[in-house]
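Down below is the structure, laid out as structure tokens.
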Amino acid sequence: MPVLLFLIDTSASMNQRTHLGTTYLDIAKGAVETFMKLRGRDPASRGDRYMLVNFEDVPFGIKAGWKESHATFMTELRNLQATGLTTIGQSLRTAFDLLNLNRLVTGIDNYGQGRNPFFLEPAIIIAISDGNKLTSGGGVQDELHLPLTTPLPGSELTKEPFRWDQRLFALVLRIPGNASVEPEPLGGVPPDDSPITPMCEVTGGRSYSVFSQRMLNQCLESLVQKIQSGVVINFEKTGPDPPPLEDAPAEVLKSGVQPWHCCHKLIYVRPNPKTGVPIGHWPIPEAFWPDQNSPTLPPRSAHPHVRFSCLDAEPMVIDKVPFDKYELEPSPLTQYILERKSPHTCWQVFVCNSAKYSDLGQPFGYLKASTALNCVNLFVMPYNYPVLLPLLDDLIKVHKFKPTIKWRQSFENYLKTMPPYYIGSLRKALRIMGAPNLLADNMEYGLSYSVVSYLKKLSQQSKIEYDRLIASIGKKMPQEAGIKVRWRGGGISLAQRRDFIQQLQSLSGDAPSMPLELNPKEFQGFHLALLNKGLKPLTFRNPYDIPRSHLLDQLSRMRRNLLNTSVCNLRGQDSDQLHSVPIAQMGNYQDFLKAAPQPLRDADPEQPKRLHTFGNPFKLDKKGMMIDEADEFVTGTQNKGKRPGDNSNMPGGGPKRRRCMSPLLRLGRAYTPPVTPPASPRPTADMDMSDGAPEPDLIINHLNQNHYGSDRSSDSEADHPSGPPDHQENHTSADPQDLRHRDDDEEEEEENGRPQAGELQRGCEGGVEMVLVEDQPPRYLSPAALKKHIHTETAKVNNELRALITKEIRKPGRHYEKIFLLLKQIQGTLDTRLIFLQNIIKEAARFKKRVLIEQLENFLEEIHNRSNNMNHVDHVDTL
């Protein structure tokens, strides 16, 4: 799980603008977001942890650490402001301490017991700065200095503040303020000459000098490739150079120090593909022989110094003895080894002072080119493996795991030359081989009791410091009470000079009256108040809150406020500024929610809570689908109780009666318009329910026509309201014997899931019941008034259908049956329905419903064909 720590320069110089119109700080924020997008393409990025540190003091400079979420990281990144000094040394020390805080608790460093490359926590620090002078409270510095004092326990065990799996990369922004006319140089990005560059090279990283946005993107892509799991090692040559090859070029034969003699490069530690965690067996030895009588441990360097001998040796491997294999990062050393084209020989590696009686130490592995000559690998073997491996080979092949006395004596002599901390690894290897009893269980590991207790104490202190720092992250820096007025001691002020009065007379011509006694300590201890940026300026109450450039605009606002004659009079505030928010704060919606008062308890807790759609109008709640206000409908109050006197045994044997919604809102059911013959007799029991209202038969007949004709047919039918039902097209026929009128409170009857044709169905849409009010028009309206009323009611029904169809289109999936059931219920003329259908096709195209658009176009073509057929039939009838 790599750790990616961004160190952002928040000094005041980051406010300078480039020729792109953005500040350096804005470019730094955009670079971080671009880097995260590029990194997100790699599936291995799921385990990344992002941290954010700026140039403020500890702990306020740590914006996102070990416990903060990704959302907190992004919020703190957007809220960064460039207001401080360029204290890059202190900030780097803070970043390293933050990364090293948990290492003593987990025991990754394994002090005094060898370095395990497979125990690592790879981290990359990406510093983004402008490369200006290093400023601090003590002045301007020319070189980068990291503070020596640190609250981190156990920091004295390592000479450097970083570790071998931590690398520093710096993006130094050099984008000019004016666009350059010269073309950008092609090729790689050069390193920068700022003070941070040597620090990058020491850790195994590098710096980039960025002159354009293109170069910045190129650097970010390069940094994404640098995220590798590995540790940095110093490789140094010892002994003479290897003999030159016969076909070697002349420039290779030159003497002197070559680039491959000393390399500071990474070795890749690949994780196990099954577990995702690196697996290893043997450590890299320490640079000292452990003494059980020593009360302390000598400090180690962050990167181990591994020396390699250029004498060709034969690589040794035994089948049952495990070994570790690490690939080297491309370097001059790997290039030189590959150019020799000798994959069957190796160079042994040593660590100085690792043996008890030898300065160079014994070999613990070797460097060897791969068989395909495409990379160089470091093989880590048991310590002094040229002695141990033949012994183990004899144990397996000659003695058959039954060692003789002579073999045991040779094995014990080897153990005396091996560092004691190899015992644990050797015991595991012997167990894998099948000889677990060769080592005694009571053998010491080489650390004294005082060192072991000291390491345990450091682990406990690190845990306490870790918890303290985690609790302090996220706290805001307390604001200063004010600027203290400095008293210049006993110096004579200007007012105490003897010629002060003469100077004033020469300037003004009048001699002012001066106080007899002047106290120079009068303002000692005074504080000048600081501007609180958190308070909103009261421009209508405090004239000092008005900027000089806004005085005329403020006068205009105050004049409008004074002469305002509207209903909502504002006093002490401006209507324009009441809802104005600075652009930099428009995205801080979470801060607004925290400052908002606690909302009241919901009246109905069972209702799903509405999810705010700030920044995303298509945001939906995962628990329940959110309904837009325009699409919401409220059903009427259901009256489930029976009225006294209701006859439950209705003729026809219908099912149980219940209230139902409007037919337009019942999805999946065809809408059957109710038809009432104009001359049907009604019983006397039904007459009292109408309350003397005129019969709406004529209106209903025309309201519910599903025409395929034109306006001409509507006019002709309006002139003959009592015509037979055979002349009405596409109507559901009804028997006059089955048509009944009911009270408003009566429940309607359904048969086989559909209402009977003669029933006037009453539903609710938006809380308005579709009932006939008392002020109905007279029974016999004029054709123009009747046509206007029909058009109004048709538009009302079509608007309801449009809202329901739009709601169905927005739903995911390809279930379009409900949409076509609703489309069959469109009211109005042919032109009205064609326009309605074209609008629905546009709505489907807005949501990219291609399949639905094809079906709607087929439906539209079908309507055209049916219309043409009916017109042809009408033409034949007229003939």
Side-chain angles (χ1 to χ4, degrees), residues 110 114-120 122 163-165 167 204 226 228-239 242 258-272 278-287 300-318 321-352 354-355 360-386 388-389 419 421-422 425 429:
N110 204 29
R115 304 170 186 255
N116 296 313
F118 46 89
F119 286 167
L120 79 165
R163 303 295 182 263
W164 66 340
D165 53 358
R167 291 177 293 162
K226 299 288 185 182
Q228 299 287 343
S229 177
V231 294
V232 179
I233 295 179
N234 281 323
F235 291 98
E236 298 179 7
K237 184 186 72 70
T238 181
Q258 301 295 325
W260 60 271
H261 287 177
C262 182
C263 287
H264 187 72
K265 289 298 180 179
L266 189 78
I267 62 170
Y268 300 124
V269 182
R270 308 293 186 187
N272 189 354
I279 298 178
H281 303 89
W282 305 104
I284 295 176
E286 298 279 1
R300 64 159 60 155
S301 59
H303 301 149
H305 293 271
V306 175
R307 296 181 178 272
F308 59 91
S309 173
C310 297
L311 299 176
D312 291 341
E314 184 180 355
M316 302 177 63
V317 174
I318 298 179
V321 178
F323 62 90
D324 300 330
K325 179 181 176 182
Y326 305 105
E327 180 185 347
L328 269 68
E329 185 182 14
S331 63
L333 175 60
T334 60
Q335 182 180 358
Y336 182 79
I337 294 176
L338 293 176
E339 287 176 352
R340 294 181 61 86
K341 297 181 181 180
S342 55
H344 302 294
T345 60
C346 64
W347 290 352
Q348 294 179 343
V349 291
F350 308 85
V351 172
C352 289
S354 60
L360 182 60
Q362 302 297 332
F364 68 91
Y366 50 84
L367 293 173
K368 177 183 173 298
S370 62
T371 307
L373 294 176
N374 54 6
C375 65
V376 177
N377 297 316
L378 170 65
F379 287 82
V380 180
M381 311 291 290
Y383 192 78
N384 199 5
Y385 70 93
L388 177 63
L389 293 186
Y421 48 79
Y422 269 87
S425 302

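Only heavy atoms go into these numbers, but all of them, side chains included; no hydrogens, no water, no symmetry mates. FYI, the numbering just counts along the sequence from 1.
Using modelled atom types and a 3.5 Å distance limit, the side chains of His303 and Asn234 yield no donor-acceptor pair.
Residues Pro330 and Tyr268 share a closest heavy-atom pair of CD-OH, 3.9 Å. Taking both residues in full, the closest heavy atoms of Leu120 and Ser229 are given as CD1-OG, 3.7 Å, listed atom of the first, atom of the second, then distance. Heavy atoms only, all atoms of each residue included: Phe308 and Leu367 are closest at CB-CD1, 4.1 Å. Taking all atoms of both residues into account, the shortest heavy-atom contact from Ser301 to Arg115 is O-NH2, 2.7 Å. Lys368 and Phe379 make their closest contact through CB-CE1, 4.0 Å (heavy atoms, listed as atom of the first residue, atom of the second, distance). Residues Pro117 and Ile284 approach most closely at CG-CD1, 4.0 Å, considering heavy atoms.
In this structure the side chain of His264 reaches within 4.5 angstrom of the side chain of Val232, judged on heavy atoms.
Of the possible polar contacts, none joining the Ser331 side chain to the Cys263 backbone as a donor-acceptor pair under 3.5 Å is found. Under a 3.5 Å cut-off, the side chain of Ser370 and the backbone N or O of Cys375 do form a donor-acceptor pair. Listed for the Gln362 side chain is no donor-acceptor partner under 3.5 Å among the backbone atoms of Asn384. The closest donor-acceptor contact from the side chain of Glu286 to the backbone of Gly114 lies under 3.5 Å. In this structure a side-chain-to-backbone donor-acceptor pair under 3.5 Å is missing from Lys341 to Pro343. In this structure a side-chain-to-backbone donor-acceptor pair under 3.5 Å is missing from Asn377 to Lys325. A donor-acceptor pair is defined here as one N or O able to donate and one able to accept, closer than 3.5 Å; no such pair exists between the side chain of Asn272 and the backbone of Pro278. Formation of a donor-acceptor pair under 3.5 Å by the Thr345 side chain with backbone atoms of Ala313 is not found in this model.
Atom-to-atom distance recorded for Trp347:CH2 and Ser309:OG is 9.0 Å, nearest 0.5 angstrom. The distance from atom SG of Cys310 to atom CZ of Arg340, rounded to the nearest 0.5 Å, is 8.0 Å. With rounding to the nearest 0.5 Å, the separation of OH in Tyr336 from NZ in Lys237 is 9.5 Å. The CG atom of Asp312 sits 14.0 Å away from the OH atom of Tyr366 when rounded to the nearest 0.5 Å. The structure places CD1 of Ile267 at 3.5 Å from CD1 of Ile233, a figure rounded to the nearest 0.5 Å. Note: Leu378 CG to Cys346 SG = 11.0 Å, rounded to the nearest 0.5 Å.
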One pair to check against side chain to side chain contact (heavy atoms under 4.5 Å, CB included): Arg270 and Gln228. What are the steps and the verdict? CA-CA 9 Å; Arg270 308 293 186 187; Gln228 299 287 343; 3.5 Å; yes
List the steps and the verdict of side chain to side chain contact (heavy atoms under 4.5 Å, CB included) for Met316 and Tyr385. CA-CA 8 Å; Met316 302 177 63; Tyr385 70 93; 4.1 Å; yes
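Tyr422 and Tyr383 have their aromatic ring centers within a separation under 6.0 angstrom.
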